[in-house]
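Notes to accompany the following structure.
Letters A, B, ... mirror the listed sequences (proteins, then strands); counts begin at 1. In this text, all values refer to a predicted model and were calculated from it rather than measured experimentally. Below, each value reflects all heavy atoms present in this structure, side chains not excepted, and no hydrogens, waters or symmetry copies.
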Amino acid sequence: MRLEALARSALGEALGALGVPIPAEIPVDRPARPEHGDLSSRVAFLLARWVRKSPPELAAELAARLAGRPPFRSVQAEGGFVNFTLEPSALHEVLRAILADGGHYGRGEEGKGKTVQVEFVSSNPTGPLTIGHLRQAALGDVLASLYGELGWTCVREYYLNDEGRQMELLAQSLWARYRQALGHEEPIPEGGYHGDYLAEIGEELARTWGDAYPVWDGRAREAFRAEAVDRMMAMIHEDLEAIGVRFDVWTREGDLHRRGLVAQALERLRAAGAVYEKDGALWLASTRHGLSRDVVLVRSDGTPTYTMVDIAYHLEKHARGFDLVVDVQGADHVDEQRQVALALRLLGIREGFLRYCLHQFVTLKREEGVQRMSTRAGRFLRLKDLVAEVGRDVARYFMVMRKPESHLVFDFALARDTSMENPVYYVQYAHTRIASLFREAARAGELPDDPLRVDLSPLADPRELALVKELDRFPDVVQAAAHEFAPHLLCEYLENLSSLFHPYYAHVRVLGQGAATPARLALLAGVKLVLGRGLALLGVSAPEEM
RNA sequence: GCGCCCGUAGCUCAGAGGAUAGAGCGCUGGCCUGCGGAGCCAGAGGACGCAGGUUCAAAUCCUGCCGGGCGUACCA
């Protein structure tokens with residue numbers, strides 16, 4: 001039961017009794033200031049004109065009609081607002097319901113019988129994953145968890161670009177390293193990959209393969225490309241393992257070609273009249289539909305572009321029957337996204353089938369200053385190494401604690417050495433403290449036999465009621481975080497809940513307080529439950545001891 | 001030039017029509033003879049980039065500027 005619903009239904013009745021038309025959604029907010037009550041509605045501002053009254057007049061009439069109505073202790077008009085203060089017993093019931101839900105609290109039903117695919121990372125296998133990929137890995141993984149929490153069946157997918165020019169360059173770069181290891185002077189190709197990780201593999205191949213590939217020909221290309229992709233994938237798996245991200249499905253670009261899906265997609269676009277020929281290439285007529293430029297789908301040499309394959313891939317996703325597809329991508333993909341979305345629209349695919357979670361880039365701030373990453377130049381911080389330094393929990397949390405569309409500065413020093421004032425630890429510590437308290441309660445024989453039957457009436461302290469009100473928000477936060485692609489809302493919520501708990505704990509004794517003890521333990525069981533659920537959704541551990 | 005994202009406390013960022021704008025870090029000063037001080041309490045610190053407009057009400061919506069990021073490839 002959301003608390004807002006209590007005020008909504010009361011206001012609905014009062015409006016009906018006054019003969020005022022009832023809006024589809026009666027606005028109810030949580031006031032920032034305690035003197036404005038537990039709940040507040042600005043409905044009078046919306047409807048005053050309708051009934052030719054001023055907002056304060058209408059608000060006063062509504063308040064008069066609702067005065068003394070349970071579960072409200074008071075209903076007051078202030079300005080044009082109608083402010084509600086709840087009876088503590090109403091909050092006690094909220095807490096009881098949360099405890100009764102147990103591990104299911106926060107779960108939703110909206111996704112029942114529906115499937116969502118979240119595609120993320122999808123980094124080209126040209127090197128290990130870096131801190132740049134971390135934001136995407138964390139975001140995608142958390143979004144998938146959030147949708148899972150709302151009842152959706154969720155598929156985490158990685159799209160593997162194992163074809164094309166970048167793979168070619170990677171293979172040739174590796175070959176050059178291999179030749180260098182054999183003592184030949186072979187330069188890294190123009191636009192190739194300079195990272196040390198290829199040098200190591202090159203040396204190893206020189207030992208095992210000897211001088212078997214003296215020239216860069218078709219045979220060498222095949223061998224080195226296969227080897228390079230395998231090696232890169234192994235590294236990527238290690239990095240994903242380090243931050244605890246698992247994919248359900250890996251789709252390879254090469255498979256899309258082999259299954260004829262690219263050709264099929266092209267046929268559909270032709271049939272829809274969405275393409276035209278120019279300069280020997282085939283173009284998507286995007287400007288005709290309001291985009292800023294047309295893009296090439298098939299080059300004049302007959303090979304399909306990345307965009308073409310991307311369209312084919314998304315048609316394939318559609319054919320798989322997902323109700324929703326979420327692509328997590330960086331800000332450099334905006335144009336690409338528009339093009340793919342347009343193509344799907346022209347092919348009659350339902351609006352809303354594909355949604356993009358677009359995120360800005362991460363810059364790394366460390367002692368030497370701010371540095372830009374470049375896999376190609378071999379200048380990057382590998383994900384695995386980052387996790388080794390700051391831990392998986394901090395790495396993940398820091399990546400989702402800002403909204404995706406904000407630039408994110410990863411303060412390395414803060415993440416690593418401030419185990420003192422780090423928000424991750426602050427939240428985890430709240431969980432640990434409660435766990436410790438329950439251990440203590442068990443030792444002292446103060447654990448209630450049946451937590452659901454505890455008398456909650458001793459919970460009267462404003463801090464206790466504030467905690468219950470905050471617990472009541474949790475399902476709304478989960479839902480908003482999922483729908484708006486905004487996991488940072490969950491971080492903010494958990495930090496806020498923790499900042500209500502810590503002072504409470506510091507000032508209110510729980511154990512040895514007679515009838516208050518089981519009531520307070522019940523409250524803290526609720527807090528622990530929600531902290532644990534929230535952290536789990538973020539993929540961050542909720543330790544019993546630290 | 002054009003398109004998209006972002007300008008809020010010294011720093012990193014929440015708030016996205018409502019009532020006196022928030023948090024963390026940093027800074028100043030307090031609190032360890034009771035459940036974990038990884039904590040608590042108090043304080044200093046703001047023309048919400050600028051200028052107009054819409055509204056009973058704008059940090060929030062609209063327009064135009066100014067700053068920063070990204071894109072604007074027959075790259076992926």
Using atom P in both nucleotides, what's the gap between B:C75 and B:C70 to the nearest angstrom? 22 Å
Select base, sugar-phosphate, or nothing to describe what A:Thr303 touches, counting heavy atoms under 4.0 Å on all strands. nothing
5'-most contact on RNA chain B (nearest-nucleotide basis), A:Glu163 vs A:His36, goes to A:His36
Hey, does A:Leu408 reach any base, or is it just sugar-phosphate, or nothing, if we go heavy atoms under 4.0 Å? sugar-phosphate
It should be established whether A:Ser436 places a side-chain nitrogen or oxygen under 4.0 Å from OP1 or OP2 of nucleotide B:G36. yes
Rounded to whole angstrom, note down the P distance from B:G45 over to B:A9. 15 Å
Is the ring of A:Phe81 stacked on the base of B:A19, with centres less than 5.5 Å apart and planes under 30° off? yes
Is the distance from OP1 or OP2 of B:C75 to the nearest side-chain N or O of A:Arg299 less than 4.0 Å? yes
What is the distance, rounded to the nearest whole Å, between atom NZ of A:Lys528 and atom C1' of B:G36? 15 Å
Determine, answering yes or no, if A:Tyr425 is stacked on B:A38 under the 5.5 Å centre rule and the 30° plane rule. no
Only Watson-Crick and G-U wobble pairs, only distances under 3.5 Å, only runs of 3 or more: what stems does that leave for RNA chain B? B:1-7 with B:66-72, B:10-13 with B:22-25, B:27-31 with B:39-43, B:49-53 with B:61-65
Presence of donor-acceptor pair under 3.5 Å, side chain of A:Ser40 and base of B:A19: yes
Roughly how far, to the nearest 0.5 Å, is the CG atom of A:Leu297 from the OG1 atom of A:Thr303? 11.5 Å
May I ask you to evaluate whether A:Arg433 reaches the phosphate of B:G37, defined as a side-chain N or O under 4.0 Å from OP1 or OP2? yes
Expressed in angstrom and rounded to an integer, what is the separation of A:Tyr306 atom OH from B:C74 atom P? 16 Å
Given atom CG of A:Leu500 and atom P of B:C40, what is their separation to the nearest angstrom? 11 Å
Would you state whether a donor and an acceptor, one from the side chain of A:Asn83 and one from the base of B:A19, lie under 3.5 Å apart? yes
Let me know, please, whether A:Arg338 or A:Glu544 comes out on the 5' side of the other along RNA chain B by nearest nucleotide. A:Arg338
Establish, for the pair A:Arg473 and A:Tyr493, whether the NZ or CZ atom is under 6.0 angstrom from the six-membered ring centre and no further than 45 degrees off its axis. no
Using a strict 4.0 Å threshold on nitrogen-to-oxygen distance, state whether A:Arg258 and A:Asp255 make a salt bridge. yes
Using the 3.5 Å cut-off, write out each protein N or O paired with an N or O of nucleotides 55-61 of chain B and the distance between them.
unit_1	atom_1	unit_2	atom_2	d
B:C56	OP1	A:Arg49	NH2	3.0

Side-chain contact, heavy-atom cut-off 4.5 Å: A:Asp162 with A:Met233? no
Side-chain N or O of A:Tyr426 closer than 4.0 Å to phosphate OP1/OP2 of B:C40: yes
Just checking A:His407: base, sugar-phosphate only, or nothing, at a heavy-atom cut-off of under 4.0 Å? base
Looking at A:Lys53 and A:Glu61, is there a salt bridge between them, counting it only when a charged N and a carboxylate O are closer than 4.0 Å? yes
Please measure how far the C1' atom in B:C13 lies from the corresponding atom in B:U55, and state the result in whole Å. 29 Å
Is any side-chain N of the basic residue among A:Glu544 and A:Lys528 closer than 4.0 Å to the acidic one's carboxylate O? yes
If the C1' atom of B:G68 is compared with that of B:C31, how far apart are they to the nearest Å? 44 Å
Does A:His333 have a side-chain nitrogen or oxygen under 4.0 Å from the phosphate oxygens OP1 or OP2 of B:A76? no
Is B:C32 syn or is it anti, if syn means the base angle is within 90 degrees of 0? syn
For the P atoms, the ones on B:G3 and on B:A42, what distance do you get once it is rounded to whole angstrom? 49 Å
Would you say A:Arg439 has more than 12 foreign heavy atoms packed within less than 6.0 Å of its CZ? yes
Euclidean distance for C1', B:G46 against B:G10 (whole angstrom): 12 Å
Taking C-beta and beyond as the side chain, do A:Tyr159 and A:Arg252 meet within less than 4.5 Å on heavy atoms? no
Starting from P on B:C74, measure out to CD on A:Glu336 and report it in whole angstrom. 13 Å
note: A:Leu297, atom CG; B:A76, atom P; distance rounded to Å ~ 12 Å
side-chain contact (heavy atoms from CB on, under 4.5 Å) with A:Thr126: which of A:Val229, A:Leu170, A:Leu198? A:Leu170
Between A:Lys317 and A:Tyr313, is NZ or CZ placed under 6.0 angstrom from the six-membered ring centre and within 45° of the ring axis? yes
What does A:Asp279 touch in the nucleic acid at a heavy-atom separation under 4.0 angstrom: a base, only the sugar-phosphate, or nothing? base
Which salt bridge (charged side-chain N to carboxylate O under 4.0 Å, His left out) pairs, counting each pair once, include a residue from residues 335-344 of chain A, with sequence neighbours left out? A:Arg293-A:Asp335
Within the 4.0 Å heavy-atom criterion, would you say A:Glu495 contacts the bases, only the backbone, or no part of the nucleic acid? nothing
A:Lys403 side-chain N/O to B:G15 phosphate OP1/OP2 under 4.0 Å: yes
Would you indicate, yes or no, if B:A19 has its OP1 or OP2 atom less than 4.0 angstrom from a side-chain nitrogen or oxygen of A:Arg30? no
Rounded to whole Å, please give me the gap between CD in A:Gln329 and C1' in B:G71. 13 Å
Pairwise P distance, B:A57 and B:A19 [rounded to whole Å]: 14 Å
Write down the distance separating the C1' atoms in B:A47 and B:U8, rounded off to the nearest Å. 12 Å
Checking A:Tyr504 against A:Glu464: is there a side-chain donor and acceptor pair closer than 3.5 Å? yes
